[in-house]
A.B. asks: 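Would you mind keeping the following structure in view while I ask a few things?
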2 protein chains.
Amino acid sequence: MKVEAKVDPSHEEMVEILDKALSTDAIITLFAYCRVFYEGRAKSELGPGDRVIIIKPDGSFLIHQKNKREPVNWQPPGSAVSIVLEDGKIMLRSVRRKPKETLEVELIKTYLVSYFQAEDYEELALTGSEAEMADLIFENPSLIEEGFKPLFKEKPIKHGIVDVLGRDKHGNLVVLELKRRRADLHAVSQLKRYVDALREEHKNVRGILVAPSITAGAKKLLEKEGLEFKKLNPPKREKKKKGKQKTLDFLSP
Amino acid sequence: MKVEAKVDPSHEEMVEILDKALSTDAIITLFAYCRVFYEGRAKSELGPGDRVIIIKPDGSFLIHQKNKREPVNWQPPGSAVSIVLEDGKIMLRSVRRKPKETLEVELIKTYLVSYFQAEDYEELALTGSEAEMADLIFENPSLIEEGFKPLFKEKPIKHGIVDVLGRDKHGNLVVLELKRRRADLHAVSQLKRYVDALREEHKNVRGILVAPSITAGAKKLLEKEGLEFKKLNPPKREKKKKGKQKTLDFLSP
DNA sequence: AGGTTGATATCGCCG
DNA sequence: CGGCGATGTCAACCT
């Protein structure tokens, strides 16, 4: 069965359905009144309340409250889930090995248990990223300034990795730090770090922050440091589909 | 009804159940074969596949594939969802105003529609954060070094906000940058930005990166810049509960 | 509304 | 595996 759902399941039904779902790589969704305990990189406790719990076949474990985009507690992919019967209560435990982290959910009342044998061979095709800004600049360097020649992309230097490294029409070395959204103080510090590193071995190094806009504070620091700003929007282009063929690879020539 | 679930709903049932759920501030969960289109800060397309869709009463909208902790597409809190009937197909549309972003889900087949009238008055009590490192240092300054005197927490300076500002036993100004996890190049750049800003108006400014560990590259840059590292783990303490009382505030004295 | 930074960030890439 | 940086980052806090 691809999908199964049981409202107000008994203990026995819960265990049976969860076992079936876990053994068949299904996505599990629970509506439950529960308590949550986490310990690992940090430590947390969440008192009783109604939440939505999702367990994915890759080990991802999400606990959502009724607001916010972020789960209140979670476990990342690769974690191992198990059902623990304790004091006549059902607990879910998810353990991650490295770093060692444990998540425990005490299910006080389960309103709904459901699972979904999901088939999905598609990947997201997204456009408007920072990487596409770099591509755009290599195709049309005059977007930065007349005479600009891009030379390297993602170039590792002494203390970090530069987005774009090139030369201007006077032969000066030029570092570009690209941001797909409004550039902030952090972006200026990053650019400064690259420029400082390059100035140790080159003279006449320019640093240009390339972004659709810049915060007031970042602009001030940028100018004090003698760095430059160039307005550029990330391009939204047609994107090739990234979907995977199911299992017909052996048919390829 | 607190919870309702319908497997293989008809068009009419879908619309009826969704309407009911949306009008009662329920959390909606769908299992569906669908396509997804997003346009806003970026633009994306996701071909047909099986996904779990969650719509929260605060407008949060999540689309999860069968792996990863992160939703493949989403809309943050405050977005407005609507049901669109088009070509005999049901589409879900979620619109955010600022920035303008739209998410559209074409429901090709819905395997399960369910909703949950969730009640939850608890908030997460978490310990082991960076803020608690600062508290710890104020309580026990010798953890940094003998004679250290912390003076300010979250102190705004010229270009940013310093975690902790204090003086050492010689009267030197000391900037602490705290990290609850392994410190990287970004952390060094951040500390350097603060130290540089303070050195414009003070002499003898020291910068100390305080973290449980540090990456090799960060250590190298830190030393070259004449900054220091102090190992300190974020403390895991007992935390007071942050749960809210339901509606008994008027009973308080 | 904009600025700044933390996060159990997660994720992807590359050495 | 560690290092490094992007993210439609999200979310909190402050001005």
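Just so we're clear, the structure is a prediction, and the values are computed from it rather than from any experiment. Within every chain, numbering begins at 1; the chains are lettered A, B, ... in the order of the sequence lines, protein sequences first and strands thereafter. Scope of the values below: all heavy atoms of this structure, side chains included, with no hydrogens, waters or symmetry mates.
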A.B. asks: By salt bridge (Lys or Arg N to Asp or Glu O under 4.0 Å), which residues pair with Asp50(B), not counting sequence neighbours?
C.D. replies: Lys2(A)
A.B. asks: Between C1' on dT9(D) and CG on Leu124(A), what's the gap in Å once rounded to a whole number?
C.D. replies: 14 Å
A.B. asks: Is the shortest heavy-atom distance from the side chain of Met133(A) to the side chain of Pro235(A) under 4.5 Å?
C.D. replies: yes
A.B. asks: Using salt bridge (Lys or Arg N to Asp or Glu O under 4.0 Å) as the criterion, list what pairs up with Asp58(A), not counting sequence neighbours.
C.D. replies: none
A.B. asks: With a 4.0 Å heavy-atom cut-off, tell me which residues in residues 60-77 of chain B come close to DNA chain C, sorted by residue number.
C.D. replies: Lys68(B), Arg69(B), Glu70(B)
A.B. asks: If we count only N and O atoms by modelled type, under 3.5 Å, do the side chains of Thr127(B) and Arg237(B) hold a donor and an acceptor together?
C.D. replies: no
A.B. asks: Residues two or more places apart in sequence or in another chain: which of them pass side chain to side chain donor-acceptor pair (under 3.5 Å) with Glu86(A)?
C.D. replies: none
A.B. asks: Taking the side chain as C-beta and beyond, is there a heavy-atom pair between Asn67(A) and Pro77(B) under 4.5 Å?
C.D. replies: no
A.B. asks: Quick check: closest heavy atoms across Arg180(A) and Pro212(A), and the distance to 0.1 Å?
C.D. replies: O-CG, 3.5 Å
A.B. asks: Taking atom P in both dT4(C) and dT8(C), what distance in whole Å separates the two?
C.D. replies: 23 Å
A.B. asks: With distance as the sole criterion, do the side chain of Glu101(B) and the base of dG8(D) form a donor-acceptor contact below 3.5 Å?
C.D. replies: yes
A.B. asks: Would you please name every residue forming a side chain to side chain contact (heavy atoms under 4.5 Å, CB included) with Pro141(A), sequence neighbours left out?
C.D. replies: Phe148(A), Pro150(A)
A.B. asks: Starting at atom CD1 of Ile161(B), determine the distance to atom P of dA12(D), rounded to an integer number of angstrom.
C.D. replies: 17 Å
A.B. asks: Base, sugar-phosphate, or nothing for Arg193(B), non-hydrogen atoms under 4.0 angstrom?
C.D. replies: sugar-phosphate
A.B. asks: Atom CG of Asp58(A) to atom C1' of dC11(C): distance rounded to whole Å?
C.D. replies: 13 Å
A.B. asks: Given atom CG of Leu126(B) and atom P of dA9(C), what is their separation to the nearest angstrom?
C.D. replies: 10 Å
A.B. asks: Name the residue closer to the 5' end of DNA chain C, choosing between Lys158(B) and Ala131(B) according to the nucleotide with the nearest heavy atom.
C.D. replies: Lys158(B)
A.B. asks: What I'd like to find out is whether the side chain of Ile214(B) reaches to under 4.5 Å of the side chain of Leu209(B), using heavy atoms alone.
C.D. replies: yes
A.B. asks: Going by distance alone, is a donor N or O of one side chain under 3.5 Å from an acceptor N or O of the other, for Arg93(A) and Ser82(A)?
C.D. replies: no
A.B. asks: Taking only distance into account, with no hydrogens and no angle test, what donor-acceptor pairs under 3.5 Å do side-chain atoms of residues 26-37 of chain A form with protein atoms, sequence neighbours excluded?
C.D. replies:
{"unit_1": "Arg35(A)", "atom_1": "NE", "unit_2": "Glu106(A)", "atom_2": "OE1", "d": "3.2"}
{"unit_1": "Arg35(A)", "atom_1": "NH2", "unit_2": "Glu106(A)", "atom_2": "OE2", "d": "3.3"}

A.B. asks: Measure from NZ on Lys153(B) to C1' on dC14(D) and round the result to the nearest Å.
C.D. replies: 16 Å
A.B. asks: Work out how far the P atom of dG8(D) is from that of dC4(D), and round it to whole angstrom.
C.D. replies: 23 Å
A.B. asks: If the condition is ring pair (Phe, Tyr, Trp, His ring centres under 6.0 Å), which residues does His159(A) pass it with, not counting sequence neighbours?
C.D. replies: none
A.B. asks: In residues 207-221 of chain B, which ones come under 4.0 Å of DNA chain C, going by heavy atoms?
C.D. replies: none
A.B. asks: In chain order, what residues pass the side chain to side chain contact (heavy atoms under 4.5 Å, CB included) check against Arg96(A), with sequence neighbours excluded?
C.D. replies: Arg41(A), Gln75(A), Pro76(A), Ser79(A), Pro99(A), Glu101(A)
A.B. asks: Specify the residues of residues 33-43 of chain B, ordered by number, for which at least one heavy atom lies under 4.0 angstrom from an atom of DNA chain C.
C.D. replies: none
A.B. asks: Would you indicate what Ser129(B) reaches in the nucleic acid, counting non-hydrogen atoms under 4.0 angstrom: base, sugar-phosphate, or nothing?
C.D. replies: sugar-phosphate
A.B. asks: Could you note down all residue pairs passing salt bridge (Lys or Arg N to Asp or Glu O under 4.0 Å) where residues 150-159 of chain A supplies at least one of them, sequence neighbours left out?
C.D. replies: Asp135(A)-Lys153(A), Lys158(A)-Glu200(A), Lys158(A)-Glu201(A)
A.B. asks: Looking only at side chains, do Ser213(B) and Arg182(B) share a donor and an acceptor under 3.5 Å apart?
C.D. replies: yes
A.B. asks: Whole-Å distance between dG8(D) P and Lys236(A) NZ?
C.D. replies: 12 Å
A.B. asks: Determine: side-chain N/O of Lys98(B) to OP1/OP2 of dG2(C), distance under 4.0 Å, yes or no.
C.D. replies: yes
A.B. asks: Report the distance from atom CD1 of Ile157(A) to atom P of dC4(D), rounded to the nearest whole Å.
C.D. replies: 12 Å
A.B. asks: Find the distance Asn233(A):CG to dG8(D):P and express it as a whole number of Å.
C.D. replies: 16 Å
A.B. asks: Check whether any side-chain nitrogen or oxygen of Tyr194(B) sits under 4.0 Å from OP1 or OP2 of dT4(C), and answer yes or no.
C.D. replies: no
A.B. asks: Mind running a 4.0 Å heavy-atom check of residues 178-191 of chain A against DNA chain C and sending the residues that fall below it, in number order?
C.D. replies: Arg182(A), Asp184(A), Leu185(A)
